[in-house]
Amino acid sequence: MIKKMREMPVIILKLEALLRRLSLKHQRRKSIEEELAMRYAGFRGEQALDYHIAQIPQKNHFIFQDLRLPLSKDSFFQIDILLLSQQYFIILEAKNIAGTIFIDQNQLLRTLDEKEDSYPNPIQQVENQQYNLDELIENHCKIKLPITSFVAMTNPSSIIKPNPQYSAVAKKVIRPAAIRQRFGAVNYSYQKELIEKIELQKLSRLLIGMHTPSDPDILKQFQIGKGEILTGIYCDQCNNLSMTKRQRVWECTICSYTSKNAHIQALIDYRLLIGSTISCKQCSSFFQISSSISSKLLRSLNLNFFGEGKNRAYKLELEDLQKLIKNK
Ligand SMILES: [Zn+2]
């Protein structure tokens, strides 16, 4: 049974918004594009596992896709897939890396097009997650169950080199197609139910409650000032900030494409890049429209707000704005 579904990571939405609103000549564009490609590869790698996880018996398992759990006040650890049962827990880490892969105690070495790159050792990564999860569960629920972990190499074109000096590679590094069989072997080894179903449900609620999606300050990460973010309403068709307000729709001054909800996408961009609340004045300068139109637009969306008159600020909740776009 799936208890938590994977969602599109906010970092991907932020990187896309940043590319929409940064000059084509901006010197950071290339590094933002590289980061976006890397994040997409990671996300697709995790998604590739979901199909194989769906093949294992669902009845006695609680499955969580992408959990980010607190380690201490400001630090977190992230798990791609967690499977809970009354007998054991399994952690699965996805790695979407192309090329020839060799893992030793210190690192993962990837050779591609005669170039060698080094990545952190994924076996150690997943064993650290295992340790942190064990601590967290024991601290909160006084439950101790055997935890097993695997690293799934999701890129079908990659070649994994064996390492006889490091036995964990053969034990822990698997292909997605082996998930059913490997999980079956764990199931066979740990048949004794160690906790009650009701405790498992309690633990499941606790983990979902603790999940904290990452929401990084992308402008700080790339050292970009708010003043460098381009304003205006974006046209999806010709990729310019060229939409202008007509009576009932937004119309592109370049390609004549019309849209009813281009302003909601602009509010999403504002939320992703600038801030989580917006005043009428901030909206009119970001949209490049008059303050009377921006006031009317903001009121029409039924967003939560605080303050009155000029001091009124509307709350920009990502989920609410995404729903508004879907419903239009
Ligand atoms: Zn256009």
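Basis for what follows: all heavy atoms, side chains included, without hydrogens, waters or symmetry-related copies. Along the sequence shown, the residues carry numbers beginning at 1.
Between the Asn240 side chain and the Ser242 main chain, no donor and acceptor come within less than 3.5 Å of each other. Looking at Gln55, its side chain does come within 3.5 Å of a backbone N or O of Tyr51 through a donor-acceptor pair. Looking only at distances, no side-chain donor or acceptor of Thr111 sits under 3.5 Å from a matching main-chain atom of Glu114. A side-chain donor-acceptor contact under 3.5 Å links Lys172 to the backbone of Ser149. Side chain of Asn121 to backbone of Gln124: a donor-acceptor contact under 3.5 angstrom is found.
Between Ile143 and Glu138 there is no side-chain heavy-atom pair separated by less than 4.5 Å. Thr154 is listed as a side-chain neighbour of Leu49, based on a closest heavy-atom distance under 4.5 Å. No side-chain heavy atom of Leu303 sits less than 4.5 Å from a side-chain heavy atom of Lys315. A heavy-atom distance below 4.5 Å is not found between the side chains of Leu71 and Phe76.
Residues Phe89 and Leu92 do not share a hydrophobic cluster, defined by chaining ILVMFWY side chains whose heavy atoms lie under 4.5 Å apart. Under the 4.5 Å side-chain contact rule for hydrophobic residues, Ile11 and Leu321 share a cluster. When the side chains of ILVMFWY residues are joined at heavy-atom separations under 4.5 Å, either directly or via intervening members, Phe287 and Tyr314 end up in a single hydrophobic cluster.
Taking the ring centre of Trp250 as origin, the terminal cationic atom of Lys260 falls outside the region bounded by 6.0 Å and 45° from the ring axis. Cation-pi contact between Arg312 and Phe305: present, with separation from the ring centre below 6.0 Å and deviation from the ring axis of at most 45°.
Side-chain contact check for Thr258 and Glu251: no donor-acceptor pair (N or O, by modelled atom type) lies under 3.5 Å. Under 3.5 Å, the side chains of Ser291 and Ser294 contain no donor-acceptor pair of N or O atoms. Looking only at atom types and distance, the side chain of Gln265 has a donor-acceptor partner in the side chain of Asp269 under 3.5 Å away. Defined by atom type and a distance below 3.5 Å, a donor-acceptor pair is missing between the side-chain atoms of Gln86 and Glu196. Judged purely by distance below 3.5 Å, without hydrogens or angles, the side chains of Ser31 and Glu34 never pair a donor atom with an acceptor atom. The closest side-chain donor-acceptor pair between Lys95 and Gln125 falls under 3.5 angstrom.
Legend: salt bridge (charged side-chain N to carboxylate O under 4.0 Å, His left out) pairs involving residues 156-168, not counting sequence neighbours: none detected.
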- [ ] Let me see the working for Gln78 and Asp80 under side-chain hydrogen bond (donor to acceptor under 3.5 Å, both in side chains), right down to the final yes or no.
- [x] CA-CA 7 Å; Gln78 192 256 336; Asp80 291 341; 3.1 Å; yes
Open item on the list: Go through it in stages, so that I can follow the logic: the residues are Glu93 and Gln129, the test is side-chain hydrogen bond (donor to acceptor under 3.5 Å, both in side chains), and I'd like the CA-CA distance, side-chain angles, deciding distance and then a yes or no.
Closed with: CA-CA 9 Å; Glu93 166 80 8; Gln129 292 165 16; 3.0 Å; yes
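A salt bridge links Glu35 to Arg39: one of the charged nitrogens lies within less than 4.0 Å of a carboxylate oxygen. Salt bridge status for Arg110 with Glu116: absent, with no side-chain N to carboxylate O gap under 4.0 Å.
With sequence neighbours excluded, the residues satisfying side chain to side chain contact (heavy atoms under 4.5 Å, CB included) with Ser292 are Ser290.
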